[in-house]
Amino acid sequence: MAVSDPPQPADDPAAQGVRARQNGKPRDVCPYPLDTEEREQWLEGYDGRERTAPPAQPMKPT
């Protein structure tokens, strides 16, 4: 979710993913079936980044 996105309802799949991570649950407890939009949203919330975002790159030493 981008910073400018409106707040999502508490039962939104992304919000559920955030709560799962905050509660120390493993990523594989996602309740949504493979290849569904809800699963992708849940994982976005759990991972804390949009699926379209590039992977984090290591910092170059200075």
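These numbers come from a predicted model, not from an experiment.
In this structure, the side chains of W42 and D47 stay at 4.5 Å or more apart for every pair of heavy atoms. By the 4.5 Å heavy-atom criterion applied to side chains, D35 and E40 are not counted as neighbours.
Annotation: side-chain contact (heavy atoms from CB on, under 4.5 Å) contacts of Q41 (sequence neighbours excluded): P13, E37, R51. Partners of P33 by side-chain contact (heavy atoms from CB on, under 4.5 Å), not counting sequence neighbours, listed by chain and number: T36.
Between the OH atom of Y46 and the CD atom of Q22 there is a distance of 11.0 Å, given to the nearest 0.5 Å. Here the OH-CD distance, from Y32 to Q16, works out to 3.5 Å after rounding to the nearest 0.5 Å. Note: D12 CG to R19 CZ = 9.0 Å, rounded to the nearest 0.5 Å.
L34 belongs to no multi-residue hydrophobic cluster, having no ILVMFWY side-chain contact under 4.5 Å with any other such residue.
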